[in-house]
Participant: 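The structure's right below; bear with me while I get my questions together.
Reminder, nothing fancy here: chain letters follow the sequence lines and each chain counts from 1. The figures that follow rest on heavy atoms only: side chains count, while hydrogens, waters and symmetry mates do not.
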Amino acid sequence: METNIFIQLLGNNWIAYTAIAVLPLGFLLLYALVAILAELKVSAWMQDRLGPMRTGPWGILQPLAEVVKLLQKEDITPDLANKVLYNLAPYMMFTGAYAAVAVIPFSQQFVPSNINLGLFYIFAVSAIATIGVVMGGWASNNKYSLLGAMRSVAQIISYEIPAAMAILATAVLASSLNLNEINTVQDGGIFNWFIFGGPGPWFKVFVLPFTFGLCLIYMIASLAETNRTPFDIPEGESELVAGYHTEYGGMKFAMFFLGEYVNMFIVSAIMATIFFGGWQSPFGSSIMSGPVWGLFWFLAKVGTVVFFQIWLRWTLPRLRVDQLMDLGWKYLLPMSFICFFAIALWKMLI
Amino acid sequence: MQTEKIFDTLTKKFGNDVTPILEAAPSEPFILVKADKIYDVCLFLRDNSELDFDYMMCLTGVHQKPDLGVVYHLYSIKHKHKIVLKTFVSIDAPNVPTVERIWRSADWHEREAWDMYGINFEGHHNLIRILCPYDWEGFPLRKDYVTPEEYHGMRVPY
Amino acid sequence: MAEKKTFEMEYSKVDTERMRLNVGPQHPSTHGVLRLEVELDGEIVTEVVPHMGYLHRCFEKHCEAMTYPQCIPYIDRLDYISSMNNEWPYVMGVEKLMGIEVPERVEYIRVIMAELNRIANHQIAVATFGLDAGAFTPFLYYFRDREEILAILEKASGGRLLYNYFWVGGLAADVHPTFKQECLDVIKHIRATNAEVTNLLIYNKIFIDRTANVGILPADVAINFGCSGPVLRGSGFPLDLRRAEPYSIYDRFDFNVVVGKGEVGTLGDCWDRNIVRMGEMEESCKIIEQAIAQMPDTGDVQEKLPKKIRIPKSEILSRAESPKGDLGFYIVGNGTDKPERLRCRATSFINLSVLPEISKGYMIADLILILGSIDIVLGEVDR
Amino acid sequence: MGLLNKLDDPFEGGGVLLGTVEDVLNWGRSKSDWYLHFGLACCAIEFMAMNASHFDFMRFGTIPRTSPRQADFIMITGTVTLKMAERIKILWEQMAEPKYCMSIGSCSNSGGPYWEHGYHVLKGVDRIIPVDVYVPGCPPRPEAMQEGMVKLQKMISEQAIFNKRKRMAEIDKQNEIK
């Protein structure tokens, strides 16, 4: 079945493909603006403040002002930096994040690229962002940047494994790596989502703790992968000034910033897709479902997860680098193995 | 222990090297020590079990014309008594033995006294400037100090 | 066994380089303009060399050129977070040298002001310590409450931060009529926020993991380094000048000397130093309550003084317990109206000297926390 | 301002369109000011208080940045000593154009109470870097700092981008006549 509305409408030609490529880009830029505003406003409300108030009504134009400002900033390349890598790194980071959008099912009628190896593809391309971080940190020729980049790589690689286990478990439940397929399987209301064990008979309650645990593990791992508090040690302000992007300013810094927020979107989208039914309506396939409702549900779920990430950021202290590794390797990894094993067993039994 | 008694113990031990000066209140009584004996006196004060001065409150450099001096304020946490030692050296050869090995807190105090008065603490492991820049000239708290006109191309006076 | 040995030998051949990192003077968590030269082996700190003097404002030189009352504003600017507590030992020393007694009402107001200021100081200390650990929100909670304390101090003295309120022989001005009630109100808020922060931050698992067993300072080392205040009491040694040598009217109040107990880690770690500050806020609240109950409603706030304050040829080391610890002023008079020598026994300066000793072998993230737990103010370190 | 300086002459005459573009660019710069997270002395504490909930500096669209590369303006909050002055100059040079400077407090304006005997105090930060806004006070109240911020935003929003030299020449002319 063709799942892409543009190909249905415009036919299988280059106009359709351009639209498919550009639309998510536009959406991501818009999303980044909203997310930045949300970050500013949510943090402010949590801290008894108002947040930006003077740029447009209630400061809603604030992100726009930031963009206009960043466009005008001088383009600095430090004298001792490795010029090629230094200039390439921010775009690398954004490219990695943007490429991952290709397989995200926004709605049942809009999956930019409905490939069968969707989950696998996401893991492959999201690693590109890591390379961008290392390139930036190393090429800046700054000790803080280097430390931040090293920490970031160690962290992302360590947490990739529990995250992958969590995702694979859902692939086992859905018997597919295609993200749209995974979504389709979770049809039929909130209790058929994979966080509640997916569709199945009543005795799926036995598998429920494991799917729930996997969701938690993925949540934690995704925080670490996007360098959010409590795992923001690569850019921990109090230690490493600004971490790997210490030497970046102006538009290049904006690209890093954008890359980070898009990464947040990607992990939240994956989470929404594989655990919370993606574009599926929580009331089953008959009530409030359809392509537009699907988009709404998907974005609502992603928004909730992003909000949760922002919430955590302004609540928790930061971990130390060795404690972070401890958590990743000694707790999350064994637990994800156990959960994965239990789910595989369950899938074999029914 | 009473201040007089501490002074007695010290005079018995060190004889002419120390001179107790009991001033009328409110000024605190102090004991004048010859500069080259200050290490021995301090070590005795710390290690004698009856005196037991384990806490150095303050080490101050002073410039009372014409001499430079060092004032030691010591305190015993166990016995709750205190004592003030003073030593004076000539401004031409301001050499005082370090007490850094007796109380670690003396380390930075002595560096500060060197920085501000140019008192040379013999035997200090790292006697460099602490507050002023490392290439600063002159000793600011001496009474005859003249503010420099310029430092690294920046005008200093208002 | 043999295999393992060869591996170790191979590993030891790996050439690793130590990195010298410059932390500061512009760094978000050096609490000002301290510069730390850190030698790193990977993430492990092998050596710390503090360089200070980036805020050396020639305090002692100024005081030699100022009359005794003129010195007080400069003293405010030493430890600019707890100005009231700074003024106190100086004013007390000058009063002792002049041989004057201040009225009882003045003593009570001084105690209340100093304790309020102590709370404000500890709030900043705990808040910035949380900030160093990455927790941003408690910082703002404390600053919100601090504004209320500052409002009281401002009403009395006219300044939000630097007060010039304790004068020789009394106070700059009498307190406002609603002073007592406002103090009692603010204490309620302080206690509520403290309870909230205790839940949100102090017993947070991540926070305990970060701060317990980090930067352990044994009591004997602390004494040898001359440490005082929460740094020394965090190591379990109950030296508090308010109790050890009661000055002013502190012998009239019932309060505890809070010491670290090694509750969640080793005695004398960062968490202990921090919890001492939390405990002292509560004790200060108690002292304020008692002082308000005992304080006479009317009375003079300024003793009769000669027109020019002169101090005879005499000297004193006047000490008081500031929030950072044992703060002393060595005042030497020479018969004129200007001091011959005024030396500040700066608590932060002495407490900071212990940093290289206790931060070796920890990670760079811990170094920042250890520095935060010592609670230095650069104005006092560099003077 | 890098690229924009090259636009100086081709757009001679300006006109409505360029005026509007200039307004938008100025609006962006004035409403989004990231400051360098940097404190020197007493004023830094009031500065912290201003950042906190009660005064909420972020209302003006400011965000603290810890790296000078990302900062738009620097606030010199406190006494500048000779030892620190060289570092401040380096920080200023590391910041990307367009950049602004606010001098907070008497000490950084003129040396403040340390003007007379301060052998180690720089009497005014404007001896080493250009200052846009001076805020007096020792320390200034948070409201005063916010007033300084408003002044800075006003200054930025009236800046000339296009035909800069021409306009500056006009201003010079006017001053000459006076």
Participant: Which of residues 185-197 of chain C have a heavy atom under 4.5 Å from any heavy atom of chain D?
Facilitator: none
Participant: Quick check on the structure: residues of residues 117-127 of chain C within a heavy-atom distance below 4.5 Å of chain D, by number.
Facilitator: C:Ile124
Participant: For the candidates D:Val121, D:Ile90, D:Ile45, which exhibits the highest count of non-hydrogen atom pairs separated by less than 4.5 Å from chain C?
Facilitator: D:Ile45
Participant: Would the number of heavy atoms belonging to other residues, nucleotides or ligands and lying under 6.0 Å from CH2 of C:Trp167 be above 12?
Facilitator: no
Participant: Check the pair C:Val33, D:Lys83 against side-chain contact (heavy atoms from CB on, under 4.5 Å), reporting the backbone distance first and the verdict last.
Facilitator: CA-CA 10 Å; C:Val33 284; D:Lys83 206 173 178 178; over 6 Å; no
Participant: Check the pair C:Arg35 / D:Arg87 against side-chain contact (heavy atoms from CB on, under 4.5 Å), numbers first and verdict last.
Facilitator: CA-CA 11 Å; C:Arg35 175 175 153 224; D:Arg87 273 81 182 173; 4.0 Å; yes
Participant: Run C:Arg57 and D:Thr79 through side-chain hydrogen bond (donor to acceptor under 3.5 Å, both in side chains) and show every step you take.
Facilitator: CA-CA 8 Å; C:Arg57 301 193 277 194; D:Thr79 319; 2.8 Å; yes
Participant: So, do D:Tyr119 and C:His56 have ring centers that fall under 6.0 Å from each other?
Facilitator: yes
Participant: Please state whether the side chain, the backbone, both or neither of C:Tyr80 comes within less than 4.5 Å of a heavy atom of chain D.
Facilitator: side chain
Participant: Can you name the residues of residues 60-74 of chain C that have some heavy atom under 4.5 Å away from a heavy atom in chain D?
Facilitator: C:Lys61, C:His62, C:Ala65, C:Met66, C:Tyr74
Participant: Under 4.5 Å from any heavy atom of chain D, what part of C:Phe139 do you find: side chain, backbone, both or neither?
Facilitator: side chain
Participant: Using only non-hydrogen atoms and a strict under-4.5 angstrom cutoff, which residues of residues 138-154 of chain D touch chain C?
Facilitator: D:Cys138, D:Pro139, D:Arg141, D:Pro142
Participant: Please walk me through it: do C:Phe143 and D:His54 pass side-chain contact (heavy atoms from CB on, under 4.5 Å)?
Facilitator: CA-CA 8 Å; C:Phe143 264 80; D:His54 196 89; over 6 Å; no
Participant: For the residue pair C:Leu140 and D:Ala52, what are the closest heavy atoms and their distance?
Facilitator: CD2-CA, 3.3 Å
